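Reading through the structure tokens given below for one structure.
A quick note: this is a predicted structure, and the numbers were derived from the prediction, not measured. The analysis underlying the following values was restricted to heavy atoms, covering all of them including side chains, and did not include hydrogens, waters or symmetry mates.
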Amino acid sequence: MYARRCAGAGWKLLRDALFVYVSLLKVMVPALLVVKGLEWLGAIDWLGEMLSPLMNWLGLPDAMGLVWAAALLTNIFTGLVVFFEVAGDMSLSVAQVTVLGVLMLVGHSLPVEGAVAKRAGVPWWVTVALRLGGALVLGGILHWVYSTGGLLQETAEIAWRPTAAPEGVLAWGVAQLRTLSLIYLIILGLMVLLAVLRHLGLERLIHFALTPLLRVLGIGRSAANTTVIGFTLGLSYGAGLLIRDVDTGVMSRRDSFLAICFLGLCHSVIEDTLLILLLGADLTGVLWARLLFACLVIAVLSRWPDGWRPARWGRARV
């Protein structure tokens with residue numbers, strides 16, 4: 001009997017993971033194709049020219065606009081590759097690298113992550129406004145603090161240089177298939193971990209520990225697990241599980257909206273933060289300032305007047 005229950009639970013986990021995976025594939029695959037098409041059309045160069053004037057306002061060279069454009073349309077890793085192509089022998093301070101790092105951490109992979117966020121209930125205009133605007137505001141605040149206080153003006157020491165990805169459609173397709181295949185295994189592993197934590201009673205401890213923070217953010221406890229996963233590993237993983245919870249009625253659309261907005265500003269704090277730190281950025285700016293900024297923005301958003309809240313909240317299941 002026990003073995004039968006375990007087998008049944010195992011099959012249920014596999015089915016649930018497949019459901020989450022398919023939901024993400026329906027969103028991610030078209031978005032990835034759009035991104036590749038934009039690259040072929042020269043959208044990165046065009047966006048880089050549009051962003052260049054803003055770089056001076058942030059105390060950065062004009063060429064960093066192209067770096068941020070590459071990160072916005074693709075991902076942080078591509079942004080780093082472009083950084084080394086355009087920076088050359090350019091000498092940047094720790095403050096400048098930190099500001100650039102904040103831009104890339106808050107604003108990156110918009111076509112893919114924006115599509116995932118929309119599936120989870122966050123409109124495109126909210127994602128673009130929150131992540132582009134948030135990146136510029138936080139970057140501007142840090143630039144003002146660093147320049148006014150004369151902080152972090154020493155030359156940044158770069159610890160690692162990424163190698164460019166293989167060119168060609170075939171190499172790109174193989175890399176995407178490899179990544180998409182890995183996503184299912186990660187989702188399955190996360191769901192197994194959550195089931196184990198629930199069985200051991202540790203899930204309640206996680207919820208209890210996060211209750212004060214979630215209360216400040218105005219997010220319900222039902223979003224605790226997915227928020228932690230997205231915060232540590234990435235928005236797509238957290239959003240995938242969050243979509244499942246919303247569709248099954250476990251989480252309200254209000255909590256889904258706020259959780260995704262929070263993760264849009266601060267997610268994948270382990271991998272992405274480490275990549276930016278390798279450029280010589282300051283940890284306080286790229287992690288703690290980003291986390292504090294995200295908490296403040298979502299705390300304000302959750303308390304916004306009813307008339308200004310997204311219409312989807314009106315259909316929330318609470």
Side-chain angles (χ1 to χ4, degrees), residues 47-72 75-110 128-162 216 231 261-301:
L47 183 58
E49 292 180 4
M50 296 287 291
L51 294 173
S52 290
L54 293 173
M55 297 300 101
N56 288 327
W57 176 68
L58 296 171
L60 297 172
D62 289 350
M64 295 302 106
L66 184 61
V67 176
W68 191 26
L72 280 171
N75 51 58
I76 289 179
F77 190 88
T78 303
L80 295 182
V81 173
V82 174
F83 172 82
F84 287 107
E85 288 179 356
V86 303
D89 296 330
M90 194 181 298
S91 179
L92 297 176
S93 68
V94 175
Q96 289 176 306
V97 172
T98 302
V99 171
L100 176 64
V102 164
L103 295 180
M104 297 169 67
L105 287 167
V106 177
H108 65 266
S109 305
L110 281 191
V128 173
L130 194 66
R131 298 189 64 174
L132 279 179
L136 290 171
V137 170
L138 180 55
I141 292 172
L142 290 178
H143 169 58
W144 179 80
V145 170
Y146 295 150
S147 59
T148 302
L151 305 173
L152 305 180
Q153 298 305 307
E154 63 273 16
T155 302
E157 295 184 6
I158 298 173
W160 171 75
R161 293 176 181 266
V216 171
F231 178 74
C261 287
F262 174 76
L263 294 179
L265 293 172
C266 194
H267 64 267
S268 189
V269 296
I270 299 175
E271 179 184 0
D272 290 354
T273 303
L274 286 175
L275 284 175
I276 299 301
L277 288 177
L278 290 173
L279 291 181
D282 177 67
L283 179 65
T284 304
V286 297
L287 177 58
W288 300 117
R290 181 165 52 116
L291 175 58
L292 177 60
F293 179 76
C295 290
L296 290 174
V297 170
I298 303 307
V300 171
L301 184 60

Provide the closest heavy-atom pair for V82 versus A70 in the form atom of the first, atom of the second, distance.
CG2-CB, 3.7 Å
Which pair of non-hydrogen atoms, one from A289 and one from L142, has the smallest distance, and what is that distance?
CB-CD2, 4.1 Å
Of all the heavy-atom pairs spanning A156 and G280, show the shortest one and how long it is.
CB-O, 4.0 Å
Flag yes if more than 12 heavy atoms outside W288 fall under 6.0 Å of its CH2 atom; otherwise flag no.
no
Do the side chains of P61 and L92 get nearer than 4.5 Å, heavy atoms only?
yes
Close side-chain approach of V94 to V97, heavy-atom, < 4.5 Å:
no
Side-chain contact test, heavy atoms from C-beta onward, threshold under 4.5 Å: evaluate it for V67 versus F84 and give yes or no.
no
Can you confirm whether F293 sits close enough to V137 that some side-chain heavy atom of one is under 4.5 Å from a side-chain heavy atom of the other?
yes
Which heavy atom of Y146 sits nearest to which heavy atom of T98, and what is that distance?
OH-CG2, 3.5 Å
Taken to the nearest 0.5 Å, the spacing of L105 CG from C266 SG works out to 8.5 Å
May I ask you to test the W68-L58 pair for a side-chain heavy-atom distance under 4.5 Å?
no
Rounded to the nearest 0.5 Å, how far does CG of L130 lie from CG of L301?
7.5 Å
Rounded distance [0.5 Å steps], OG1 in T78 versus CE in M104
9.0 Å
Donor-acceptor pair, T273 side chain versus I270 backbone, under 3.5 Å?
no
ring-ring contact (aromatic ring centres under 6.0 Å, His included) pairs, two or more places apart, involving residues 90-110
H108-H267
Taking C-beta and beyond as the side chain, do L110 and L132 meet within less than 4.5 Å on heavy atoms?
yes
Contact between V269 and L291 at the side-chain level, heavy atoms closer than 4.5 Å - yes or no?
no
Might you point out which heavy atoms bring L277 and D282 nearest each other, and give the distance in Å?
CD2-C, 4.1 Å
Take atom CD of E157 as the centre, draw a 6.0 Å sphere, and report whether it contains more than 12 heavy atoms from other residues, nucleotides or ligands.
no
Grab the two heavy atoms, one from D62 and one from S52, that are nearest each other, plus how far apart they are.
O-OG, 3.1 Å
Rounded to the nearest 0.5 Å, the CZ atom of R290 sits from the CD1 atom of I276 at a distance of 8.5 Å
What do you reckon, is CD of Q153 surrounded by more than 12 foreign heavy atoms closer than 6.0 Å?
yes
CE of M90: more than 12 outside heavy atoms within 6.0 angstrom?
yes
If we only count heavy atoms from C-beta on, is the L72 to R131 side-chain gap below 4.5 Å?
no
Would you compute the distance between atom CG of L265 and atom CG of L296 and round it to the nearest 0.5 angstrom?
10.5 Å
State the CG-CG distance between L274 and L287, to the nearest 0.5 angstrom.
9.5 Å
